[in-house]
Protein chains: 2
Amino acid sequence: MYEKKIPKDFSCGFSVLMEIIGGKWKSYLLYLIHNGVHRPNELHKQMPSATRRVLNMQLRELEFHGMVKRVIYPELPPRVEYFLTEFGDSLLPVIFEMNEWGNNHLERFQKLITDKQLEAVA
Amino acid sequence: MYEKKIPKDFSCGFSVLMEIIGGKWKSYLLYLIHNGVHRPNELHKQMPSATRRVLNMQLRELEFHGMVKRVIYPELPPRVEYFLTEFGDSLLPVIFEMNEWGNNHLERFQKLITDKQLEAVA
DNA sequence: CTGCATCCTGAAAGATACTG
DNA sequence: CAGTATCTTTCAGGATGCAG
């Protein structure tokens with residue numbers, strides 16, 4: 001199905017999708033951009049625990065994969081904005097569905113983790 | 001949305017889902033088990049490039065997360081089989097959808113990679 | 001504000017060899 | 001056939017600092 005986190009074999013759809021949204025912040029980036037957060041600095045404020053460097057890297061990857069478009073305004077101070085492409089839009093429903101499934105089982109999952117931690121202590 | 005490949009913050013559904021199927025072979029394992037491949041050795045044959053050790057680890061994680069059930073037959077030679085739980089079943093549609101989206105854009109993506117590689121050579 | 005260059009760490013995955 | 005125990009490798013992601 002998929003061979004590596006960054007596989008060489010993209011023979012199945014799953015591997016392709018994982019390649020595109022497999023990055024640590026990519027899904028969130030897509031989500032935020034979709035919701036009107038377009039500038040790098042604003043995106044960063046929404047996920048302070050991520051580094052600007054990492055954000056840039058992932059944004060570039062998303063750009064390379066055709067999910068977002070990078071628009072540069074030749075101003076001073078410099079301004080850059082990211083927008084979803086049609087391709088990127090097409091992915092949103094899938095991400096939302098993934099998120100929804102997770103939310104549907106969130107409590108169960110958190111309980112699982114909590115119990116496990118209690119076990120570990122005991 | 002999600003903080004780490006193996007995050008500590010499971011406050012959003014996406015992170016939960018990524019925790020569960022984020023492993024290198026997990027989605028494929030679920031898929032194979034769903035399709036009637038139940039025994040570790042058979043599973044391994046379907047993905048020879050994975051190590052038995054890694055497969056075991058990921059199967060155990062899937063078991064821990066309640067996606068699969070491990071059944072041990074006290075025979076000689078020893079036999080073990082994995083089955084999807086209801087919980088695991090509920091995830092399949094999502095995985096299939098992810099796979100379908102990827103397949104729908106597979107050609108485009110492969111072309112992208114190919115072109116990129118040609119670029120790199122030039 | 002924007003991004004890049006450098007170095008570093010940690011966790012996942014591979015290799016190998018072992019037991020029941 | 002099943003699984004586990006080490007050791008090593010790999011690489012995405014983090015920390016920091018500089019530059020346009």
Side-chain angles (χ1 to χ4, degrees), chain A residues 1-9 15 17-29 33 37-65 68-83 113, chain B residues 1-10 14-15 18-29 33 37-65 68-83:
Chain A
M1 209 108 167
Y2 74 107
E3 273 213 328
K4 293 210 275 178
K5 232 80 184 196
I6 306 254
K8 282 156 191 159
D9 175 15
S15 67
L17 188 133
M18 289 308 289
E19 171 73 5
I20 291 179
I21 62 168
K24 192 161 165 180
W25 310 92
K26 286 183 185 176
S27 59
Y28 195 22
L29 284 171
I33 294 174
V37 186
H38 299 295
R39 303 186 58 178
N41 207 28
E42 293 169 356
L43 288 166
H44 187 212
K45 284 176 193 164
Q46 297 299 315
M47 31 189 141
S49 53
T51 314
R52 274 300 307 270
R53 173 185 167 276
V54 174
L55 255 42
N56 283 336
M57 284 176 41
Q58 308 222 344
L59 283 167
R60 293 311 186 99
E61 286 175 23
L62 288 172
E63 185 191 11
F64 169 70
H65 288 142
V68 302
K69 177 149 187 57
R70 185 162 172 263
V71 181
I72 306 146
Y73 302 86
E75 308 172 353
L76 225 61
R79 186 158 65 103
V80 172
E81 294 191 342
Y82 290 91
F83 298 93
I113 302 295
Chain B
M1 211 105 166
Y2 75 107
E3 273 214 324
K4 292 209 275 177
K5 233 78 184 196
I6 306 253
K8 283 157 192 160
D9 176 14
F10 298 120
F14 195 88
S15 67
M18 290 307 288
E19 171 73 4
I20 290 179
I21 62 168
K24 194 161 163 180
W25 310 91
K26 287 184 185 176
S27 58
Y28 196 23
L29 285 171
I33 294 173
V37 187
H38 298 296
R39 302 186 58 178
N41 207 28
E42 293 168 356
L43 288 166
H44 187 212
K45 283 177 194 164
Q46 298 298 315
M47 32 188 142
S49 53
T51 316
R52 275 300 307 271
R53 175 183 167 278
V54 174
L55 254 42
N56 284 334
M57 283 176 44
Q58 306 220 347
L59 282 167
R60 294 312 186 98
E61 285 174 26
L62 288 172
E63 185 192 9
F64 169 70
H65 288 142
V68 302
K69 177 148 186 56
R70 185 163 172 263
V71 181
I72 305 146
Y73 302 85
E75 307 172 353
L76 225 59
R79 188 158 66 101
V80 171
E81 294 191 341
Y82 289 92
F83 298 93

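Protein chains get the first letters and strands the later ones, always in sequence-line order, with residue 1 at the start of each.
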Quick one: salt bridge (charged side-chain N to carboxylate O under 4.0 Å, His left out) partners of B:Arg52, sequence neighbours excluded? none

Can you list the residues that meet the salt bridge (charged side-chain N to carboxylate O under 4.0 Å, His left out) rule with B:Arg39, with sequence neighbours excluded?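 B:Arg39 satisfies salt bridge (charged side-chain N to carboxylate O under 4.0 Å, His left out) with no other residue.
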
For A:Ile33 and A:Tyr82, which heavy atoms make the closest approach, and how far apart are they?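 Nearest pair, atom of A:Ile33 first, then A:Tyr82: CG2-O, 3.5 Å.
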
Round to a whole Å and report the spacing from [atom1] of [X] to [atom2] of [N].
X	N	atom1	atom2	result
B:Glu81	D:dA2	CD	P	9 Å
A:Leu55	D:dA15	CG	P	13 Å
B:Leu29	C:dA13	CG	C1'	14 Å
B:Met18	D:dA12	CE	P	14 Å

Step by step, work out the side chain to side chain contact (heavy atoms under 4.5 Å, CB included) result for A:Val54 and A:Trp25. CA-CA 9 Å; A:Val54 174; A:Trp25 310 92; 3.8 Å; yes

I'd like a list of close polar pairs between nucleotides 2-6 of chain C and the protein, N/O only, cut-off under 3.5 Å.
residue: C:dT2; atom: OP2; partner: A:Asn41; partner atom: N; Å: 3.0
residue: C:dG3; atom: OP1; partner: A:Arg70; partner atom: NE; Å: 3.0
residue: C:dG3; atom: OP1; partner: A:Arg70; partner atom: NH2; Å: 2.7
residue: C:dG3; atom: OP2; partner: A:Arg52; partner atom: NH2; Å: 3.3
residue: C:dG3; atom: OP2; partner: A:Asn56; partner atom: OD1; Å: 3.4
residue: C:dT6; atom: O4; partner: A:Arg53; partner atom: NE; Å: 3.0

Strictly below 4.0 Å: does A:Gln58 bring a side-chain N or O up to OP1 or OP2 of D:dG13?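 So the side-chain polar atoms of A:Gln58 do come within 4.0 Å of the phosphate oxygens OP1 or OP2 of D:dG13, strictly under.
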
Is A:Lys69 salt-bridged to A:Glu63, cutoff N-O under 4.0 Å?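 Salt bridge absent between A:Lys69 and A:Glu63.
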
Would you call B:Glu81 and B:Arg70 a side-chain contact if the rule is heavy atoms closer than 4.5 Å?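 Counting from C-beta outward, B:Glu81 and B:Arg70 never come under 4.5 Å.
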
